[in-house]
J.: 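Before I ask anything, let me first share the structure, which is written out below as structure tokens.
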Amino acid sequence: MKFDIDACREIIDTITRNKSRSILTGFGVFWGIFMLIVLIGGGQGLKELLQQNFAGFATNTAVIWSQPTTKPYKGFRKGRMWQMDLKDIDRLHHQVPELDVVTPLVFSGRRSVVAGDKSYQASVQGVRPDYARVSAPQMFYGRYINDVDDRDSRKVCVIGKQVYKTLFPQGGDPCGQMVRIDSTYYTVVGVDYKGGNGVNFGGRADETITLPQSVLRKVYNRGQQVDIIATTGHKGVVMSRIADRMRATVARSHLVDPADEKGVMVFNTEVLFAMLDNLFNGVNFLVWLVGIGTLLAGAIGVSNIMMVTVRERTVEIGIRRAIGATPMVILSQIMSESILLTAVAGMSGILFGVCILQMTELANTSDGIVAAHFQVDFWTATGAAVLLCVLGGMAGLAPAWRAMSIKPVDAMRDE
């Protein structure tokens, strides 16, 4: 297919001859590729937002907590309240060797936190340093609770994002400053910027103050009690296969029926992450289905309009054939018009879609941190451009074939 400047001018003149028709025809392709780009980029951004809710949370985690028993056992009636303790940590380590991290969590509910003339009602939890291997913090300032803090019962704390913004509205590094929780003063050693929409225990992560668990036990007289036991398995361990052994290990030591699944709750995050994977796969399928379907509808519209154009230009095509134009020249002319119209409309759709995605990404930026990247990668955009050219060629194929088959005598008779 050979192009020269006169041929290009003729193609552009033909397309712009009826501007309204060309714009309306190209809008179908524009909207189709725009929808495809926005759905792909938007789907990627939403996927990142969902994944960030679980960012840092180990995928091979199982969490254990106590609830009123639902079955009678060894003379005890159902409905009995019971409480886990620190000895359960050692029992799980020894009797379920597949476990890697076994760490306790204790809570004291919502407490009044004061810094200067600012106050906030925050959730307070006590953890050991190895809890960071279950749910990794996103430290914005300072550090997390360490072994020395827990061993020496240091009165230090890590504050959540919302607590930090409320107590220290002027910003800056708050590490080293004092906050008062109820009547006890603590030194801030870190700010955790983890979001509050993911997996949380005892309250939203951004509204939580974290203390060494040894300190919380002494201050709030919690003794050896444990509210939640968070565990992770060694590499390759399927947590669902050891969940019953974990339940039985804890239940037997507290005279609870090992088969009481509601009395000893074991939440396995493998199920949650499997559901998310299925959700993402379904979303990706729908994105491509809707996007390509809309794009095909636009290409079919281009083909129909080109058929009408060929019908209107029957006499012109007949005259060109009469003065020596070969069928291939006619074929290249019509297909070039179709490809150009499709390409211009499609590239405009890609550009507009990328602009919308960029604005959406800026709207999801806070404190200079991008919450999610609403973008399409280079190869996706390249693939969309190639698809446009292919669809443009296919859209012009039928009209071009019809134009190529027109005979000069028939064209004159049609006039």
Side-chain angles (χ1 to χ4, degrees), residues 54 57-109 123-135 150 198-203 205 208 210-214 216-218 220-275:
F54 305 97
F57 199 83
T59 57
N60 61 336
T61 299
V63 181
I64 309 170
W65 70 93
S66 61
Q67 292 196 141
T69 59
T70 60
K71 295 181 180 181
Y73 187 69
K74 291 189 176 182
F76 292 96
R77 293 182 178 181
K78 66 179 183 179
R80 177 172 61 94
M81 300 294 295
W82 65 284
Q83 184 76 46
M84 295 186 296
D85 56 44
L86 286 175
K87 292 181 180 179
D88 292 316
I89 306 298
D90 295 329
R91 294 187 186 102
L92 287 168
H93 267 306
H94 289 104
Q95 299 182 33
V96 190
E98 294 90 343
L99 294 177
D100 181 18
V101 176
V102 182
T103 187
L105 284 82
V106 286
F107 307 105
S108 66
S123 301
V124 180
Q125 67 177 9
V127 304
R128 287 180 176 174
D130 56 358
Y131 180 63
R133 296 171 60 190
V134 177
S135 181
D150 191 48
V199 179
N200 298 305
F201 306 119
T208 296
T210 302
L211 310 176
Q213 57 96 31
S214 59
L216 188 144
R217 292 181 188 283
K218 293 177 180 178
Y220 295 103
N221 195 28
R222 292 301 306 273
Q224 299 293 304
Q225 294 178 347
V226 172
D227 294 319
I228 286 178
I229 297 177
T231 68
T232 62
H234 288 291
K235 186 176 181 180
V237 173
V238 179
M239 299 301 287
S240 58
R241 296 178 182 175
I242 62 174
D244 290 339
R245 287 168 53 200
M246 295 167 58
R247 180 182 293 108
T249 299
V250 174
R252 280 195 297 265
S253 61
H254 296 278
L255 298 178
V256 178
D257 189 342
D260 191 349
E261 296 185 358
K262 294 183 179 180
V264 185
M265 290 294 298
V266 179
F267 175 69
N268 182 7
T269 58
E270 286 179 354
V271 178
L272 177 63
F273 284 104
M275 291 174 60

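Residue indices begin at 1 and follow the sequence shown.
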J.: To the nearest 0.5 Å, tell me how far Y73 OH sits from D260 CG.
T.: 11.0 Å

J.: Answer yes or no: is there a donor N or O on one side and an acceptor on the other, between the side chain of S135 and the main chain of A132, under 3.5 Å?
T.: no

J.: Please report the closest heavy-atom contact between L216 and S108, naming both atoms and the distance.
T.: CD1-OG, 4.2 Å

J.: Any heavy-atom pair between the side chains of P104 and R128 that's under 4.5 Å?
T.: yes

J.: What's the separation between atom CD1 in I64 and atom CE in M246, rounded to the nearest 0.5 Å?
T.: 3.5 Å

J.: Indicate whether any N or O donor in one side chain lies under 3.5 Å from an N or O acceptor in the other, for N60 and T232.
T.: no

J.: Are the side chains of K87 and V226 in touch, meaning some heavy atoms are under 4.5 Å apart?
T.: no

J.: Within the 4.5 Å heavy-atom criterion, are Y131 and L105 side-chain neighbours or not?
T.: yes

J.: Between D150 (side chain only) and S214 (backbone N and O only), is there a donor and an acceptor less than 3.5 Å apart?
T.: yes

J.: Show your working on salt bridge (Lys or Arg N to Asp or Glu O under 4.0 Å) between D244 and R247 and close with a plain yes or no.
T.: CA-CA 5 Å; D244 290 339; R247 180 182 293 108; 3.0 Å; yes

J.: Side chains of V106 and Q125: does their closest heavy-atom pair fall under 4.5 Å?
T.: no

J.: Atom CG of L99 and atom CZ of R245: how far apart are they, to the nearest 0.5 Å?
T.: 8.0 Å

J.: Side chains of Q83 and S66 only: does a donor on one sit below 3.5 Å from an acceptor on the other?
T.: no

J.: So do V124 and T208 actually touch side chain to side chain, heavy atoms under 4.5 Å?
T.: no

J.: At their closest point, which heavy atom of V102 faces which heavy atom of H93, and how far apart are they?
T.: CB-NE2, 3.7 Å

J.: Going by heavy atoms in the side chains, are T231 and V63 under 4.5 Å from each other?
T.: no

J.: So how far is it from T69 OG1 to F76 CZ, rounded to the nearest 0.5 Å?
T.: 9.5 Å

J.: Would a distance-only check, ignoring hydrogens and angles, find a side-chain to backbone donor-acceptor pair under 3.5 Å from K71 to A259?
T.: yes

J.: Less than 4.5 Å apart, any side-chain heavy atom of Q95 and any of L92?
T.: no

J.: Output the distance between atom CG (D85) and atom CZ (R222), rounded to the nearest 0.5 Å.
T.: 11.5 Å

J.: Measuring only between side-chain heavy atoms, which start at C-beta, is R252 closer than 4.5 Å to P258?
T.: yes

J.: Going through the checks in order, is the side-chain contact (heavy atoms from CB on, under 4.5 Å) test met by V237 and E98?
T.: CA-CA 7 Å; V237 173; E98 294 90 343; 3.9 Å; yes

J.: Would a distance-only check, ignoring hydrogens and angles, find a side-chain to backbone donor-acceptor pair under 3.5 Å from R80 to P72?
T.: no

J.: Before giving the answer on salt bridge (Lys or Arg N to Asp or Glu O under 4.0 Å), spell out for D257 and K262 the whole-Å C-alpha distance, their side-chain angles and the decisive distance to 0.1 Å.
T.: CA-CA 10 Å; D257 189 342; K262 294 183 179 180; over 6 Å; no

J.: Name the one of T61, D100, T103 that satisfies side chain to side chain donor-acceptor pair (under 3.5 Å) with R133?
T.: D100

J.: Can you tell me how far CD of Q224 sits from CD1 of I89, rounded to the nearest 0.5 angstrom?
T.: 11.0 Å

J.: Listed by chain and number, what are the ring pair (Phe, Tyr, Trp, His ring centres under 6.0 Å) partners of W82, not counting sequence neighbours?
T.: H254

